[in-house]
Amino acid sequence: MTHTVGEPIRDTKTPEGPIEERWSKRRFSAKLVNPANKRKLHVIVVGTGLAGGSAAATLGELGYKVTSFCYQDSPRRAHSIAAQGGINAAKNYRGDGDSIYRLFYDTVKGGDFRARESNVYRLAEVSVNIIDQAVAQGVPFAREYGGLLDTRSFGGAQVSRTFYARGQTGQQLLLGAYQALERQIAAGTVTMHARHEMLDLIVSDGRARGVVVRDMVTGEIETHLADAVVLATGGYGNVFFLSTNAKGCNTTAIWRAHQRGAYFGNPCYTQIHPTCIPVSGEYQSKLTLMSESLRNDGRVWVPVKAGDTREPGDIPEAERDYYLERIYPAFGNLVPRDIASRAAKNVCDEGRGVGPGGLGVYLDFADAIARLGRDAVEKKYGNLFEMYERITGEDPYSRPMRIYPAVHYTMGGLWVDYDLQSTIPGLFVVGEANFSDHGANRLGASALMQGLADGYFVLPTTLGDYLAGGPYGEVDQEAVAEAENGVRNKIQKLLSVNGTRTADSYHRELGKLMWDYCGMERTEESLRKALARIPELRAEFWQNVKVSGQAEELNQALERAGRVADFFDLAELMCIDALHRSESCGGHFRAESQDADGEALRDDEDFAYVAAWEYRPEGGPVLHREDLKYEYVKMTQRSYK
Amino acid sequence: MIRNVDAVTATIERGAATAPVASHEQPRPPTAARNHKGGFFRSSNGKKVVMAVTGAVMVLYLIAHMAGNLKIFFGAADFNEYAAFLREIGHPLVPHRTVLTLVEVVLSVSVVLHMWSAVSLARRAAKARPVKYAARPKSQASGYAVKTMRYGGVIILLFIIWHLLDLTFAAVNPAGPNGEPYQRMVEGFAPGRWPVTLFYVVALLLVGLHLRHGLWSAFQTLGLAGGRRERPVKLAAAGLSALLVLGFLSVPLSITIGLVK
Amino acid sequence: MNLTLKVWRQDGPSDQGRMVTYEVKDVSPDMSFLEMLDVLNERLILEGGDPVAFDHDCREGICGMCGMVINGVAHGEQRATTTCQLHMRHFKDGDTVTIEPWRAAPFPVVKDLVVDRSAFDRIIQAGGFISVPAGSAPDAHAIPVKKDDADSAFDAATCIGCGACVAACPNGSASLFTAAKITHLGLLPQGQPERDKRAKAMVDQMDLEGFGGCTNTGECTAVCPKGIPLSTIAQMNRDYLKSK
Ligand SMILES: Cc1cc2nc3c(=O)[nH]c(=O)nc-3n(C[C@H](O)[C@H](O)[C@H](O)COP(=O)(O)OP(=O)(O)OC[C@H]3O[C@@H](n4cnc5c(N)ncnc54)[C@H](O)[C@@H]3O)c2cc1C
Ligand code: HEM
Ligand code: SF4
Ligand code: FES
């Protein structure tokens, strides 16, 4: 037995009534805090990405006393900065039939019926306000000659609802939130602590009341207390070592909160992005995403014959397999992310992959260049081509690009109710760090939307309601001491092992194991293998890792080791979740559950629920089910043939 | 339809944050509180503006001065008459030499202010980079003229002093303080005094370089060079600098090679 | 390929610091510069030494966290490239590579190649924003913006706040960074109400932090990974003068 089953979750605090009215209802029922008292109410926000940055700025503006943390040297560097493609909003500026309802519908369906309807509807509802807010802040979205905002269609949507700022939408949105945050810092409502890493959560009387952080410059362990804590610490894709996440992305904050009692929702839901630059060697430290928009004009192919090592230009048309166009004639190269990723894996498994190690497929622009001319292609994709050239040293105008899928996003995260509150009262979780809204698969351009919806609009209301229910009394000093000591001991332990392998080398090994056994395709056998191997590797890590330097200084080796230690634990939970969910859905593909065409086969009878895991130090985690009901969108199987 | 709003407005008597919030960091006062004092002329931008405006004054003077110098090609009488005219501008409305003195004062003030800005900006720069790079920084902007600004400026200053002693006060001029302006010119750059001419040439080339960057830079400083105007302004700066150098050089060179006697 | 690295090592803000020489062997041309340093660091850790501290995060040229002066050039000689995107194929076997932190008084060294760039945040705090509380914004289409203005604003807004401009500037000036933000917000209709105040406050803050004054050398644009143009500085100067 890898786990035990506990009580299902019955109350998600979702208001009753027609779905269109639920959010207004909740807003009205939310208790308000007297403005004069807001200044005395203290909120900690960990993370300064789109979710945390917008939340801290908004809470500060509302008058709360906010303390904010990030591990980078400036809040502006959170990994939201790297998002390229765009942000969805149901503005229907094109009059092409978009609506809040349609965005809601597409998101529920795109999530393969594993998201909570009410949350998704609210997301679609506030999406329109996000664009207004961003424009007012000076986010330079792309515009048309008439001066109005341009949009494009993205990730298989049939309407054009994605707003963008060239290939740097995340950057521009984050800078908007960052500037709002800096304004509050200047106004004195927000105190910012950059280069601080959260290492534990303080729970007193069953409520989240503070955090223990390490000052990454001096190594000092500090405790910060507050009336509520918000985690906005992003995704945990780095458990795979190689991913499109930033090097510092980690699970530490949410994992420690999980250990303190917050349930972890759907940890196994991982999104793999089909168009990334392939690995070039063992030293590879991260993977770079190439925007999905490339698939609009590029054609994906591999040689027909396995082991064909000829230069791509020397392979005649007849000996090329444009496999996406062949298998999915209706959608061709534009099939959804998970399908494109898996198809690439399959052809590479057949030995038909290209480039070093045979882990790559071609994305060929020769036809597009012939059809549109080099200039037109350059205009559309110039910056992406340049980026590709910089990294690979190959010229994509004359030689097809090589691409391969890579881990990109984690739909799983801490379980939250409709109010974005975790199972620990007073602990709110926003952005990619929570599990909400995307179900088993996230649609392109929806993560930015969710982060900002949470931070600018949802959290400020629901958190106010929680705070209005206080005061929650003194913090138990013993809880503080216990947490601080725990953190110190863990650091000392890491430093004292003094073994023979670096933390990075363990991380690499863990990542490879996860990629092979809990990656694009999972089987009971692979997952059991992983579950056997992870504890061994973790035990070895704790006996043989080598961390140089001291605790009381800037020590990047120590930072990494601490994160890797938490990734081991998370990896195990991911495998347990993936093993128990014997259906395929969205980004979770269980080879045992596929239809005759090899497509993912859901099992709604047994698995139409959120798996919320409770931490247990011994005896494996406890599964709590939150059943999902679909009152508005009818459950169907996806088909892209 | 909002009923009984009070019922949903909870009032909290006191904040619940309890233990002190640990922080070793020095709380930074919000920016507004540490407002900048010292005003325009102490700001780096203000100094730049002073530099640009005084530079522009000097450039205007140089243009006029060069045009005057070229009169030498029309012969001694013309040139001397022009020199005398300079002292008579505005007469009889104002006494002799009023305008010329005014010009001299404005120029002196400009030179002083210009240098003051240059020196204080250079000192600011030195303070902003107390530790130098071990690897010799390689210029990525291919701006040779830029590099000559500071030491070139000093050489230009030395030149101006010498130039005044030579041709204005004639202290070091063979024709002596009582010579006619034309005579001073011709004797000052006589073929036998070629090293003087050489110094003059070198200094003027430096002035040319100084202005090639300086003129464009002044436009930039005053916010007049941005965007699509950048290239034209740069070209014009280079053109005007070249013109000034050629115009100024033509006189001593002609004298030294014996074209003008 | 094999390389000789001369790296600035400094234990902390109060340490004197020194250049230390390391030999690195078998560097693959496909490695990024930071991956080459990763390999060196792995070795240093196992040898019981102290790995070279350097800032980095996204490793795809967008977060602005990485940055070192390589052979005297901020972010290395490859144009329009951050350190993390610089690849070893631009180096030759046997090369000696000097690696130093950004050098500027307002960017004190924290450790080795890590510097404190919080001065940039404070420049933004002084006025690099448009004041708009969440929930109070008019419909996005209420304010049309000329495409040219929107595009130019975007160009200026792509600054990643890396600080290479300061590192490269012979005067240690932060003008390009400050001007990029002033230009971005100043070109948009939404930015007009606070435009004059913004320029003044940000420029004054820049002085207060101890950055040098600009003499339009153009070294900043030349190394800027995002190619922020010098014309933004003209715009900043114009706005600053107008605010007087
Ligand atoms: C390459 C790439 C491209 C993408 N493109 C798109 C796109 O086009 N459209 C779209 O909608 N989505 C896109 N996404 C997804 C989207 O960008 C992210 O999901 C989203 O930005 C996450 O925002 P966040 O605020 O939750 O977290 P992040 O932006 O990751 O912020 C996390 C914050 O938490 C802090 N933090 C983390 N751990 C700790 C700790 N232990 N202690 C203290 N602080 C901590 C960090 O410092 C940071 O400030 C993309 C993602 C990637 C990687
Ligand atoms: C007396 C000695 C002089 C010194 C020390 C000097 C020095 C300098 C320096 C250091 C600069 C700034 C360089 C830069 O912007 O990069 C400068 C700019 C300039 N100088 Fe001079 N200079 C001198 C004489 C002159 C003269 C005689 C003229 C005019 C003929 C002149 C015209 C200018 C102009 C127009 C600028 C540009 C101002 C700006 O940058 O906005 N300078 N000078
Ligand atoms: S202006 Fe360029 S060099 Fe300077 S901080 Fe911005 S991106 Fe970096
Ligand atoms: S690491 Fe993000 S820009 Fe280099």
Side-chain angles (χ1 to χ4, degrees), chain A residues 54 58 61 72-74 76-77 79 81-82 91 93 129 131-133 135-138 140 143-149 165-166 168 171-172 175 179-180 182-183 185-186 194 217 246-248 280-281 283-286 288 390-391 393 456-457 460 500 502 504-505 546 548-549 553-554 556-557, chain C residues 12 28 30-31 34-35 38-39 42 45-46 48-51 53 55-60 62-65 81 85 87 89 110-111 114 116-118 120-121 124-126 128-135 137-141 143-147 150 153-154 157-158 161 184-185 188 190-191:
Chain A
S54 59
T58 308
E61 178 95 47
Q72 294 92 342
D73 70 330
S74 162
R76 66 181 291 152
R77 309 202 198 282
H79 199 52
I81 201 100
K91 279 285 196 187
Y93 278 160
N129 304 352
I131 302 301
D132 299 342
Q133 174 70 14
V135 165
Q137 285 173 339
R143 296 200 175 245
E144 298 186 310
Y145 283 100
L148 300 180
L149 294 169
R166 249 171 263 174
Q168 280 139 272
Q171 180 197 27
Q172 294 309 318
L175 292 181
Q179 287 162 206
E182 292 296 335
R183 178 169 153 254
I185 294 170
V217 174
K247 287 300 286 175
S280 66
Y283 45 79
Q284 187 96 20
S285 61
K286 79 151 269 157
T288 304
R390 207 167 280 152
I391 293 174
Y456 281 133
F457 300 108
T500 61
T502 61
D504 256 15
S505 82
K546 170 128 185 159
S548 54
E553 61 173 351
L554 191 155
Q556 293 174 327
Chain C
S28 151
D30 287 328
M31 275 182 182
L34 298 186
E35 284 166 351
D38 286 344
V39 171
E42 292 272 289
I45 293 174
L46 291 181
D50 192 18
D55 264 334
H56 64 102
D57 200 28
C58 74
R59 295 204 175 188
E60 50 183 276
I62 192 75
C63 74
M65 185 116 172
T81 304
Q85 289 214 299
H87 280 68
R89 65 180 74 90
V110 175
K111 183 178 180 183
V114 175
D116 176 355
R117 283 169 291 199
S118 54
F120 270 9
D121 290 325
I124 298 295
Q125 277 164 36
F129 47 72
I130 293 173
S131 304
V132 41
D139 185 84
H141 270 183
I143 332 162
V145 183
K146 264 204 290 194
K147 182 168 165 54
F154 177 87
T158 55
H184 159 211
L185 299 175
L188 296 170
Q190 303 91 296

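FYI, side chains are in, hydrogens and waters are out, and symmetry mates aren't considered; it's all heavy atoms of this structure. By convention in this document, chain letters (A, B, ...) are assigned in the order of the sequence lines, proteins followed by strands, and residues within each chain are numbered from 1.
- If you measure heavy-atom distances from C/Glu35 to chain A, the contacts under 4.5 Å come from the side chain alone.
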| query | Hey, mind stepping through C/Ile62 and A/Gln171 against side chain to side chain contact (heavy atoms under 4.5 Å, CB included) and telling me if it holds? | reply | CA-CA 8 Å; C/Ile62 192 75; A/Gln171 180 197 27; 3.9 Å; yes
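- Between the SG atom in C/Cys63 and the NZ atom in A/Lys247 there is a gap of 12.5 Å [rounded to 0.5 Å].
- For A/Glu144, the part lying under 4.5 angstrom from a heavy atom of chain C is the backbone only.
- Summarising the geometry, atom CG belonging to C/Asp50 is positioned 6.0 Å from atom CD belonging to A/Glu553; distances are rounded to the nearest 0.5 Å.
- With a threshold of 4.5 angstrom between heavy atoms, A/Gln556 approaches chain C through side-chain atoms but not through N, CA, C or O.
- Taking A/Val217, A/Thr288, A/Leu148 one by one and counting their heavy-atom pairs under 4.5 Å with chain C, the maximum is reached by A/Leu148.
- In terms of non-hydrogen atom pairs under 4.5 Å with chain C, the most contact-rich of A/Asp504, A/Ile391, A/Ile131, A/Thr500 is A/Ile391.
- For a residue to count as touching a neighbouring chain, one of its non-hydrogen atoms must lie under 4.5 Å from one of that chain's; by this rule C/Arg89 touches chain A with the side chain only.
- Atom NZ of C/Lys146 has 12 or fewer heavy atoms from other residues, nucleotides or ligands within 6.0 Å.
- Separating the CZ atom in A/Arg76 from the CG atom in C/Asp121 is a distance of 7.5 Å, to the nearest 0.5 Å.
- A donor-acceptor contact shorter than 3.5 Å is absent between the side chain of A/Glu61 and the backbone of C/Ala134.
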| said: Under the criterion side chain to side chain contact (heavy atoms under 4.5 Å, CB included), I'd like the reasoning laid out for C/Arg117 against A/Ser74: C-alpha separation, chi angles, the key distance, then a yes or no. | reply: CA-CA 8 Å; C/Arg117 283 169 291 199; A/Ser74 162; over 6 Å; no
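- Residue A/Leu175 touches chain C through its side chain alone, counting heavy-atom pairs closer than 4.5 Å.
- Pairing each heavy atom of C/Ile45 with each of A/Lys546, the nearest pair is O-CE, 3.2 Å.
- Looking only at distances, a side-chain donor or acceptor of C/Gln190 sits under 3.5 Å from a matching main-chain atom of A/Val135.
- Only the side chain of C/Leu188 comes within contact range of chain A, with at least one heavy atom under 4.5 Å from a heavy atom of that chain.
- Among all heavy-atom pairs drawn from C/Val132 and A/Arg183, the shortest one is N-NH1, 3.8 Å.
- When all heavy atoms of C/Pro144 and A/Gly146 are compared, the closest pair comes out as CB-O, 4.4 Å.
- Interface residue C/Asp38: only side-chain heavy atoms are found under 4.5 Å from chain A.
- Residue A/Gln284 holds its CD atom at 10.0 Å from CZ of C/Arg59, rounded to the nearest 0.5 Å.
- For the set C/Thr81, C/Thr158, C/Ile143, the count of heavy-atom pairs under 4.5 angstrom toward chain A peaks at C/Thr158.
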| query | Yes or no on side-chain hydrogen bond (donor to acceptor under 3.5 Å, both in side chains) for A/Thr502 and C/Glu42, after CA distance, side-chain angles and deciding distance? | reply | CA-CA 7 Å; A/Thr502 61; C/Glu42 292 272 289; 2.8 Å; yes
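- When heavy atoms are compared at a cutoff of 4.5 Å, C/Leu185 approaches chain A solely by way of its side chain, counted from C-beta outward.
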| task | Decide side chain to side chain contact (heavy atoms under 4.5 Å, CB included) for A/Asp73 and C/Phe120; before the verdict, give the C-alpha distance in whole Å, the side-chain angles of both, and the deciding distance to 0.1 Å. | result | CA-CA 11 Å; A/Asp73 70 330; C/Phe120 270 9; over 6 Å; no
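- Using a distance-only test at 3.5 Å, with no hydrogens or angles considered, a donor-acceptor pair links the side chain of A/Arg77 to the main chain of C/Gly161.
- Across all their heavy atoms, C/Ala53 and A/Leu554 have their closest contact at CB-CD2, 4.0 Å.
- Residues A/Asp132 and C/Ala140 come closest through the heavy atom pair OD1-N, 2.8 Å.
- Chain C forms more heavy-atom pairs under 4.5 Å with one residue of A/Tyr145, A/Phe457, A/Tyr283 than with any other, namely A/Tyr283.
- Contact of C/Val110 with chain A is made through the side chain alone, with heavy-atom distances under 4.5 Å.
- Once rounded to the nearest 0.5 Å, the distance linking CZ of C/Phe154 with CD of A/Gln172 reads 5.0 Å.
- Options C/Gly64, C/Ala150, C/Gly48, C/Gly135 differ in how many heavy-atom pairs under 4.5 Å they form with chain A, and the most are formed by C/Gly64.
- Ranked by non-hydrogen atom pairs under 4.5 Å with chain A, the options C/Ile130, C/Asp55, C/Val145, C/Val114 are led by C/Val145.
- The parts of C/His141 that come within reach of chain A are both its backbone and its side chain, each placing non-hydrogen atoms under 4.5 angstrom from that chain.
- The line from CD of A/Gln179 to CD of C/Gln125 is 12.0 Å long, rounded to the nearest 0.5 Å.
- The greatest number of non-hydrogen atom pairs below 4.5 Å with chain A, out of C/Gly12, C/Gly49, C/Pro133, is found for C/Pro133.
- Judged by distance alone, the side chain of C/Asp57 and the main-chain N or O of A/Ala246 form no donor-acceptor pair under 3.5 Å.
- Across C/Leu46, C/Val39, C/Asp116, the residue that shares the most heavy-atom pairs under 4.5 angstrom with chain A is C/Leu46.
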